Undergrad: 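Structure in structure tokens, see below.
Since this is a predicted model, take the numbers as computed values, not measurements. Convention: sequence-line order gives letters A, B, ...; per-chain numbering from 1.
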Amino acid sequence: GENVEQHPSTLSVQEGDSAVIKCTYSDSASNYFPWYKQELGKRPQLIIDIRSNVGEKKDQRIAVTLNKTAKHFSLHITETQPEDSAVYFCAAANQAGTALIFGKGTTLSVSS
Amino acid sequence: EPEVTQTPSHQVTQMGQEVILRCVPISNHLYFYWYRQILGQKVEFLVSFYNNEISEKSEIFDDQFSVERPDGSNFTLKIRSTKLEDSAMYFCASSLTQGASSTFFGQGTRLTVV
């Protein structure tokens with residue numbers, strides 16, 4: 001089955017810097033890759049996603065890139081702000097599209 | 001904005017007891033899921049449900065777990081005989097289209113088994 005690896009586990013940046021979180025997946029049949037932001041004690045919130053027919057997608061300060069050949073995808077946050085501090089999870093849909101398989105999460109800390 | 005809602009927000013139960021966690025998915029969504037998150041760990045898939053039947057289940061979803069859509073709005077997860085290791089945050093989620101795309105999560109039920 002699908003396996004998702006995520007790095008780094010923690011990331012500390014200064015306000016205004018960029019942050020990059022990387023994930024790899026194992027199942028080449030996966031075709032949907034969302035990113036979720038989870039603040040302490042709250043629900044995972046979908047912040048951006050990408051399908052396998054697209055290499056890059058951007059939404060304001062957030063972008064996601066996908067390399068299907070290498071089976072990895074990355075989240076890029078530019079001009080980070082303290083309110084970006086949270087745990088970020090990448091995920092990949094399984095081959096049947098019936099489940100999301102999550103990475104272990106990255107705790108992003110943005111200091112002002 | 002429509003949301004997935006879950007009740008209760010926190011449930012404490014004795015080991016061996018049955019619990020039912022309740023969810024109201026987003027009204028026009030057709031695909032329903034349960035995930036769990038042990039404190040400090042990643043979100044783990046339990047089960048997906050479509051057209052009144054289970055589409056997929058993980059190894060975690062053994063015979064002590066069951067799901068039901070008893071009416072047109074509710075979606076429930078039952079744990080028949082709780083164990084200490086069932087303590088976790090349980091998230092219900094739903095999506096409109098297949099492929100797990102645009103899956104939205106509820107706020108979670110924290111289950112504590114004592």
Side-chain angles (χ1 to χ4, degrees), chain A residues 1-10 21 23-27 29-54 57 59 64 66 73 86-108, chain B residues 1-7 9-10 23-26 29-51 53-61 67 88-110 112:
Chain A
E2 178 68 278
N3 184 50
V4 177
E5 299 287 338
Q6 182 172 349
H7 299 280
S9 55
T10 60
I21 302 170
C23 289
T24 60
Y25 61 98
S26 60
D27 189 345
S30 293
N31 61 10
Y32 175 69
F33 308 92
W35 285 89
Y36 286 85
K37 175 184 180 182
Q38 187 178 33
E39 295 174 352
L40 193 62
K42 297 197 174 177
R43 76 186 78 196
Q45 278 192 299
L46 179 65
I47 56 171
I48 196 167
D49 56 12
I50 192 166
R51 296 200 163 277
S52 58
N53 57 348
V54 174
K57 184 176 177 181
D59 182 5
V64 56
L66 171 65
F73 57 112
V87 180
Y88 290 81
F89 290 97
C90 64
N94 65 352
Q95 188 177 68
T98 50
L100 293 176
I101 308 304
F102 283 80
K104 289 187 176 181
T106 296
T107 301
L108 174 65
Chain B
E1 184 177 324
E3 284 189 341
V4 177
T5 57
Q6 291 183 242
T7 54
S9 55
H10 191 191
C23 169
V24 179
I26 295 172
H29 282 190
L30 301 174
Y31 299 82
F32 314 120
Y33 313 86
W34 284 99
Y35 289 83
R36 81 171 186 190
Q37 186 177 33
I38 295 170
L39 189 63
Q41 298 188 23
K42 68 177 177 180
V43 178
E44 298 176 291
F45 168 73
L46 293 179
V47 66
S48 56
F49 191 86
Y50 169 70
N51 201 25
E53 58 184 33
I54 290 174
S55 310
E56 182 96 33
K57 58 183 181 179
S58 70
E59 292 175 351
I60 303 168
F61 194 88
V67 289
M89 181 74 90
Y90 288 80
F91 290 105
C92 175
S94 68
S95 63
L96 176 60
T97 58
Q98 69 178 83
S101 58
S102 299
T103 297
F104 292 95
F105 284 76
Q107 80 277 24
T109 293
R110 178 160 298 286
T112 303

Undergrad: Check each atom of B:Gln107 against the heavy atoms of chain A and say whether the ones under 4.5 Å are side chain, backbone, both or neither.
TA: both
Undergrad: Who wins among B:Gly108, B:Ser95, B:Ser55, B:Ser102 for the most heavy-atom pairs under 4.5 Å with chain A?
TA: B:Ser102
Undergrad: Is the closest side-chain donor-acceptor distance between A:Asn3 and A:Glu5 under 3.5 Å?
TA: yes
Undergrad: Counting only heavy atoms closer than 4.5 Å, note whether A:Lys104 contacts chain B via side chain, backbone, both or neither.
TA: both
Undergrad: Which of the residues A:Pro34, A:Gly103, A:Ala96 is involved in the greatest number of heavy-atom pairs with chain B at under 4.5 angstrom?
TA: A:Gly103
Undergrad: What part of A:Asn94 gets within 4.5 angstrom of chain B, counting heavy atoms only: side chain, backbone, both, or neither?
TA: side chain
Undergrad: Distance from B:Thr103 atom OG1 to B:Leu96 atom CG, nearest 0.5 Å?
TA: 10.5 Å
Undergrad: Look at the rings of A:Phe73 and A:Phe33 and say which category their plane angle falls in: under 30° parallel, 30 to 60° tilted, over 60° perpendicular.
TA: tilted
Undergrad: Taking the side chain as everything from C-beta on, heavy atoms only, tell me whether B:Ile38 gets closer than 4.5 Å to B:Glu44.
TA: yes
Undergrad: Counting only non-hydrogen atoms closer than 4.5 Å, does A:Gln6 touch chain B with its backbone (N, CA, C, O), its side chain (CB onward), both, or neither?
TA: neither
Undergrad: Which bit of A:Leu100 is near chain B, if near means a heavy-atom gap under 4.5 Å: side chain, backbone, both or neither?
TA: both
Undergrad: Pick from B:Tyr50, B:Phe45, B:Tyr31, B:Tyr33: which one has the most heavy-atom pairs with chain A under 4.5 Å?
TA: B:Phe45
Undergrad: I need the minimum non-hydrogen distance between B:Glu56 and A:Thr98, along with the two atoms involved.
TA: OE1-OG1, 2.7 Å
Undergrad: Between B:Phe91 and B:Phe105, what is the ring plane arrangement, given parallel below 30°, perpendicular above 60°, and tilted in between?
TA: perpendicular
Undergrad: Enter the distance from B:Glu3:CD to B:Ile26:CD1 here, rounded to the nearest 0.5 Å.
TA: 8.0 Å
Undergrad: Identify which of A:Gly105, A:Ala93, A:Pro44, A:Gly1 forms the greatest number of heavy-atom pairs closer than 4.5 Å to chain B.
TA: A:Pro44
